2 protein chains.
Amino acid sequence: MSKSLLAEQPLRAVPALKPIDTPKTCVEPGEDYRRLAERRHAWSAWPDGDTVTGPPLRSSSMSIKGKPTSFDIAYLAGVSQPTVSRALRGSPLVNEETRNRILDIARQLNYKVDKNASSLRSQQSGTIALLLFEDPTPDDSHINPFFLSMLGSITRACARRGFDLLVSFQQLSNDWHRDYEDSNKADGLILLGYGDYLDYREKLEKLSAQGTHFVRWGAVMEGQPGVSIGCDNYQGGLDITAHLLAKGHTQIAFLGDTSESCPELRDRFLGYQQALKNAGIDTAPALQVDAITTENSGYESLRELLSRGVAFDAIFGASDAIAIGAMRALLEHGYKIPSEIAVAGFDDIPLASYVNPPLTTVLQDTKQAGELLVDNLLRLIHNEPVVSTTIAPRLIVRRSCGG
Amino acid sequence: MSKSLLAEQPLRAVPALKPIDTPKTCVEPGEDYRRLAERRHAWSAWPDGDTVTGPPLRSSSMSIKGKPTSFDIAYLAGVSQPTVSRALRGSPLVNEETRNRILDIARQLNYKVDKNASSLRSQQSGTIALLLFEDPTPDDSHINPFFLSMLGSITRACARRGFDLLVSFQQLSNDWHRDYEDSNKADGLILLGYGDYLDYREKLEKLSAQGTHFVRWGAVMEGQPGVSIGCDNYQGGLDITAHLLAKGHTQIAFLGDTSESCPELRDRFLGYQQALKNAGIDTAPALQVDAITTENSGYESLRELLSRGVAFDAIFGASDAIAIGAMRALLEHGYKIPSEIAVAGFDDIPLASYVNPPLTTVLQDTKQAGELLVDNLLRLIHNEPVVSTTIAPRLIVRRSCGG
DNA sequence: CTGAAAGCGCTTACAG
DNA sequence: CTGAAAGCGCTTACAG
């Protein structure tokens, strides 16, 4: 008996609990689909269920237990199962009248193509996996809101293209054990997150060598493995530093890691240096303090800066989280923002407009970023040429750098 | 030839572009797996690739092109393919030595079980789908941060249980067309989001009737279809209103929709009413203004309240978004918070601690909520008994209601 | 435009 | 503890 006809089987029974493995009806040589389907359907008791009345049916009403398959549709439509498959996928090969009949029946039975079967056969899953790395905050604290925003835009971009999105949080230190593409659960990967780039890079090279389809959000550099999409961090750093200079600040501290481990922050730093250079100002090493993208790190880095005893009249936090942490430290120490110290950030997370005073920062367009990431990944999957790209930053002026 | 041995096929070619459908080697009756595997492997040229040296191999080094299958592992381990399958799933039936040999080879080949095949056969996907409804904000604006926080905790809860998470944004008005469970892409659904409950409820009943496994986050009420997990909104509303009363406020306005469409806000309102009653205070209808959970709606509702000309000394925003919008309106109108007007919210979104003054609110423990949602859904999937549950709210006292 | 046949790569009774 | 056989529900050449 076909599984879909097992009247005894409770609707949607969980296979793990009630294993069933009865042989399915076989086609005798020479027997046609019509007769097969009839035999399949004749065996069941049709006790109840949805009522279907399609054009070419022998009996005017019949029912199907359990999830209908394409064979059930085929029987009811009086066609072969492959024709059903073609019709449902919109193949132009199928006669329009036939197609409509099939679609109609499928709708009535609430038929859904089994994704596992179609993915297995076609070797395409219609799914993208998003791996979110969050090494700086391995605890259950809040995820960086910038990535949350990216997640939102990626989800929407996938949906618009008819792809599903698998979301997975990973420690950068993990082995990325659950390899979504190798297990055929996803056609490609989007990598998102902060962490030690040197560590990260090794894994990227591995992925690249394996031929995995992936794009990552992050610094765009020469000779990187794979495809990267990122903000033009250099330009953003330059723009906001120029803004601080234009507001009359000259002793601008930079809070952020400038090592190879954080190429994004490093690029922002290089932009900062260039802006100063353009203004004829030397970069004072004492005005740079390492920090990673968390509020606490920003807070600590400002205290470190204060302890150095160097004079400064402005802060450029390499990310909003750093800048907001620094603001907290400044306020605690009695500084007035922006009248005594100006503060600027980078990212334009939602919080930036709510802190007091509202934070002047650099917007990274997450919507565009999500679109680009998904588009480029799909290109990779289709073996089309893809190049790493940067998106343009945009200065968002609020009150933290003065009127 | 087996697909995995097609030397001409480029590594990871995309099937859509290079369709290949060559027959696979057949077992002649009486022929054993060993011989089959040898024939399969003998056909290939072994030009290059990973080198494997397992214990019982004839040749000391051989390579496999493309993704290895369980048949490849079986050949190399000198066992049948089902034994490989058992060993990899940790079946106790497999001899330990055999298992280790198999695991070793699988590791060397970087073998990953094909999820589509295993899900198809076992009818279990090991995946949960999260449907996020966001009807009040159908544009590309920011997702409600409370749901983002839930998303994070749900993702982690799934990962801890070895489940993958499919994320999908839906309009409540949609037909939820892509039915993840019916297409066997997911074993169950988690529903999350705001929207008109009456609308929503219809769909829940449909899902329930179809036998879909789902749990939702939201108001827990008698006679609801399916399983709900939610905060004890009544208690939370009562607690925070009692707090406002204890701070000496007696004319407390409630901003939030109290209709059947928003049972969560309604429950908070009922708690608010009860707290006032306990204090011997009548609820003035003029002190209640409808609002949905967005900042703009909160802003507008406060302006509506002001236009009514009723006296009030405190605001209970039925959600943080509403409260924060109301704060903005109050500040614009020159009111001092909390000295002139106290403000309280509900949710404890990350922003709550950053607004000025920091917002006193009710915490909904998203971590616990995520765990409960996932646990209960898994119980449903395993046909274990499940009941709707509320989680306890927790008062978070900050400065917006006065010292 | 349609159908018969094969096969995607697993898991699951069943038999020994 | 292991293997031979069947089958999950599709899609894809192939032939007409």
Side-chain angles (χ1 to χ4, degrees), chain A residues 1-4 15-16 19-34 36 67-74 77-89 91-99 102 111-125 183-184, chain B residues 2-4 15-16 19-34 36 67-74 77-89 91-99 102 111-124 183-184:
Chain A
M1 279 196 293
S2 152
K3 181 202 148 218
S4 62
I20 287 168
D21 201 26
T22 47
K24 113 163 138 186
T25 310
C26 289
V27 198
E28 307 301 332
E31 188 174 28
D32 70 65
Y33 275 93
R34 187 66 149 263
L36 159 66
K67 279 184 194 171
T69 71
S70 54
F71 281 92
D72 297 317
I73 313 288
V79 296
S80 73
Q81 179 271 336
T83 297
V84 171
S85 174
R86 289 186 195 104
L88 292 172
R89 276 171 303 123
S91 159
L93 293 174
V94 180
N95 175 12
E96 192 173 325
E97 196 200 320
T98 312
R99 178 207 319 291
I102 290 170
Y111 169 78
K112 297 278 165 10
V113 172
D114 186 300
K115 280 286 197 173
N116 295 128
S118 73
S119 298
L120 173 60
R121 185 56 177 89
S122 67
Q123 296 292 78
Q124 288 181 296
S125 64
S183 67
N184 279 345
Chain B
S2 150
K3 182 205 147 212
S4 62
I20 285 167
D21 202 27
T22 47
K24 112 163 139 190
T25 311
C26 289
V27 197
E28 308 300 332
E31 189 176 26
D32 69 65
Y33 274 92
R34 187 66 147 264
L36 159 66
K67 280 185 195 170
T69 71
S70 54
F71 281 92
D72 297 316
I73 313 288
V79 296
S80 73
Q81 180 271 336
T83 297
V84 171
S85 174
R86 289 185 195 106
L88 292 172
R89 276 172 302 124
S91 159
L93 293 173
V94 180
N95 176 13
E96 193 174 324
E97 197 199 321
T98 312
R99 177 205 321 290
I102 290 169
Y111 169 78
K112 297 277 166 10
V113 172
D114 185 299
K115 280 286 198 173
N116 294 129
S118 73
S119 298
L120 173 59
R121 185 56 177 88
S122 68
Q123 296 290 79
Q124 288 180 297
S183 67
N184 280 344

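A note on names: the letters A, B, ... follow the listed sequences, proteins ahead of strands, and every chain is numbered from 1. Keep in mind the model is a prediction, meaning the values are calculated, not measured.
Checking D:dT12, D:dT2, C:dC1 against every side-chain atom of A:L93, the shortest atom distance belongs to C:dC1. Comparing atom distances between the B:V79 side chain and each of C:dC10, D:dG3, C:dA6 picks out D:dG3 as nearest. Here C:dC1 is the nucleotide among C:dC1, D:dG7, C:dC8 with the atom lying nearest to any side-chain atom of A:N95. Here the side chain of A:V113 is nearest to one of D:dC10, D:dA6, C:dT2, namely D:dC10.
Using a 4.0 Å cut-off, some side-chain N or O of A:S80 falls inside it from OP1 or OP2 of C:dG3. Applying the 4.0 Å criterion to OP1 and OP2 of D:dT12, one finds that A:S85 has every side-chain N and O outside that range. Applying the 4.0 Å criterion to OP1 and OP2 of C:dG9, one finds that B:Y111 has every side-chain N and O outside that range. Close to D:dC10, at under 4.0 Å from its OP1 or OP2, lies no side-chain N or O of A:R89. Using a 4.0 Å cut-off, no side-chain N or O of B:S70 falls inside it from OP1 or OP2 of C:dG9. For the pair A:S122 and C:dC8, the criterion of a side-chain N or O lying under 4.0 Å from OP1 or OP2 is not met.
The base of C:dG3 lies close enough to the side chain of A:R86 for a donor and an acceptor atom to sit less than 3.5 Å apart.
Of the inter-residue distances, the one linking A:L88 atom CG with A:I102 atom CD1 reads 7.0 Å to the nearest 0.5 angstrom.
B:N116 and A:N184 share no side-chain donor-acceptor pair at under 3.5 Å.
The shortest distance between side-chain heavy atoms of A:D72 and A:Y111 does not fall below 4.5 Å.
B:S119 comes within 4.0 angstrom of no nucleic acid atom, judged by non-hydrogen atoms across all strands.
Comparing B:L120 and A:V94 along DNA chain C, the residue whose closest nucleotide (by nearest heavy atom) sits nearer the 5' end is A:V94.
Residues B:S183 and A:V113 come closest through the heavy atom pair CB-O, 3.4 Å.
A 3.5 Å limit on both hydrogen-bonding distances identifies D:dG16 as the Watson-Crick or G-U partner of C:dC1.
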